[in-house]
Amino acid sequence: MRSELDLRRSQVKVLILTGLGLNCEAETAQAFRMCGTKPELVHLSDMVDGRAARRLPDYDIMAMIGGFSFGDHIAAGVVYANRLRTKLSAALDEFIARGGLMIGICNGFQTMVRLGVLPGLDGDYRTQRATLAANDRLGYRDAWVKLRVEPASPCVWTRGIETMELPARHGEGKFLAESDALLARIEEQKLVALRYVDDTGAPTEAWPQNPNGSPHAIAGVSDPTGRIFGLMPHPDAYLYGVHHPQWQQKKLDGTLREEGEGIRIFRNGVDHVAAARA
Amino acid sequence: MVEHGSFDGYVLSEGINPFYSDIDTRWMTASVIDEAVRKAVGTGARLDHMAGLDNYCWPDPIASEKNPDGGHKLAQLVRSTQALSDFCQAYGVPCISGKDSMKNDSTMGGVRISIPPTVLFSVIAKIDDVRKAVTLDAKRAGARVYLLGVTRDELGASEVLRVLGLGSGGRVPTVEPGETLPLYRKLQAAIDRELVQSCHSPAKGGLAAAFARIAMASEMGLDVDLDKGLHTAGLDAANALFSESNGRFVVTVDPGSAGAFEAAMAGTPCACVGEVTAAPLLRIRHGGVLRVDAAVKELKASWKETFDAI
């Protein structure tokens with residue numbers, strides 16, 4: 001007999017937009033499947049041209065996945081954001097107004113920031129007010145990072161998580177607000193959900209623990225409702241215990257788990273929707 | 001992993017060594033095939049579920065006025081492809097694809113420059129359960145270090161000679177499937193039974209470089225005595241440390257599993273040559289003398305500094 005919660009989870013409608021250089025759909029879909037949902041993968045062009053089975057606002061959760069959309073031309077996420085802005089603006093507004101949840105991972109986060117969906121202050125999800133700039137140490141870097149969740153953050157995706165290790169794989173991850181004043185507001189409103197930390201657990205701007213030099217060690221940000229979240233590191237890449245680089249040590253220690261730490265983020269999103277249905 | 005939802009997976013490995021072509025493209029080809037195969041075996045992948053790719057990168061093999069030694073290069077090519085056939089069949093590894101890039105020559109300032117005959121051999125192999133996969137880094141201080149396989153006087157076209165500017169002289173490493181296949185099968189079975197904590201196969205730079213890589217990867221030390229090696233004991237220090245003989249592995253094993261491991265490897269060349277140490281120092285003895293005594297920190301700094309300059 002399926003539990004009531006499992007039933008509600010299975011009814012959560014998850015959209016994963018794909019195509020045009022994005023490449024993390026398999027693992028992002030698997031993450032959502034591991035949380036009890038049946039995510040739907042829809043090519044952006046199908047959504048834009050009206051060939052998709054559902055409209056954007058019909059979904060409970062929308063995932064903007066990692067990859068190299070449009071080859072990072074001009075800058076990462078710019079062209080994808082332009083496409084969404086010109087073709088799906090109204091649909092996106094409706095999705096957000098209905099209380100939809102959004103998660104943007106790496107390229108997805110970059111796109112959301114260019115769109116203005118994040119930080120989403122003052123109910124304005126349309127004006128770009130921040131950017132994800134080139135890493136201080138130029139170049140793409142793929143390495144695991146240590147993260148700490150801000151306990152006072154309203155972000156539903158990071159509830160109950162204190163720390164996490166995840167791979168970060170990007171060349172443009174430095175979160176910059178348009179002004180110091182805006183950065184101060186972002187901090188005041190607790191919109192920083194996730195920070196890069198060093199081995200002592202303290203937020204750091206030092207390379208390589210902070211791979212891009214983001215001020216205030218910002219790794220992930222939410223909007224004031226906490227339903228819309230973006231992060232540079234990849235929770236979709238730590239689904240299984242064996243994803244961790246020291247998994248063999250953990251196996252010998254007896255601390256290797258079947259599930260990876262990244263799943264918790266997806267489970268928070270899914271269960272937030274499932275609980276609201278009760 | 002092959003697909004989400006199950007733990008079977010695949011392993012990718014390669015072998016490449018154009019330097020051996022200075023001596024004999026048959027053994028160059030055999031060596032790179034063996035290197036790719038044994039690296040995959042050393043992770044726990046299945047010897048009986050492997051496919052290969054042969055990528056050829058060759059200088060112009062057609063004799064002409066501009067290419068007076070074309071005949072020699074063609075002969076090298078023939079010898080290489082014969083070896084490809086011999087050793088892929090011996091190992092049961094079909095070549096499912098490949099590439100040939102011929103005529104890699106250039107004339108600069110009136111001088112004709114040709115690339116050395118090169119084969120890049122890649123292997124894709126199935127591993128039944130990725131949770132049993134083995135990596136090169138030693139895991140626990142006190143683990144026993146075993147040397148598997150045969151070390152011979154084979155310094156021809158080796159890394160050590162190259163680094164020291166001493167030319168290509170010496171015997172190029174050969175491949176003996178009669179020796180390697182039984183060893184690979186038994187090692188694979190031992191890995192499957194989870195008797196092995198780490199595994200790494202020496203290639204360029206021989207045992208010394210292999211031990212260094214293991215130490216750097218684990219940030220622990222190794223204390224080894226090559227006078228305990230079955231073959232290294234009888235070789236001179238240069239060969240013991242730097243010979244690039246094929247078909248070998250450095251394996252670490254928990255002392256509690258040592259008996260079971262040695263029994264599993266019975267009938268193949270297998271000797272305990274030392275142990276993993278908590279202190280991050282690489283110490284290698286041979287001929288009763290401490291030949292290598294290096295801090296892992298120094299090894300790593302030296303190894304990385306080339307890229308730091310970029």
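Throughout, a chain's letter reflects where its sequence line sits, starting with A, and its residues are numbered from 1.
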Next on the checklist: So for atom CZ, which belongs to B:F7, do other residues, nucleotides or ligands contribute more than 12 heavy atoms lying within a distance under 6.0 Å?
Outcome noted: yes

Checklist entry - Under 6.0 Å from the CD atom of A:E258, do we count more than 12 heavy atoms belonging to anything else shown? => result no

Checklist entry - Taking all atoms of both residues into account, what is the closest heavy-atom pair of A:W247 and B:V130, and its distance? => result CH2-O, 3.4 Å

Quick one: [atom1] on [X] to [atom2] on [Y], what's the gap to the nearest 0.5 Å?
X: B:T135; Y: A:Q246; atom1: OG1; atom2: CD; value: 9.5 Å
X: B:H4; Y: A:M34; atom1: NE2; atom2: CE; value: 9.0 Å
X: A:L256; Y: B:R131; atom1: CG; atom2: CZ; value: 9.0 Å

Checklist entry - B:Q197 versus chain A, heavy atoms under 4.5 Å apart: side chain, backbone, both or neither? => result both

Checklist entry - Quick one: are B:E194 and A:K251 in side-chain contact, heavy atoms under 4.5 Å? => result yes

Checklist entry - Pairs in or reaching into residues 195-204 of chain A: which pass salt bridge (Lys or Arg N to Asp or Glu O under 4.0 Å), with residues at least two apart or in two chains? => result A:K146-A:D199, A:E150-A:R195, A:E187-A:R195

Checklist entry - Measuring heavy-atom distances to chain B, does A:E27 have an atom under 4.5 Å in its side chain, in its backbone, in both, or in neither? => result both

Checklist entry - Is there a donor in the side chain of A:Q248 and an acceptor in the side chain of B:K139, or the other way round, less than 3.5 Å apart? => result yes

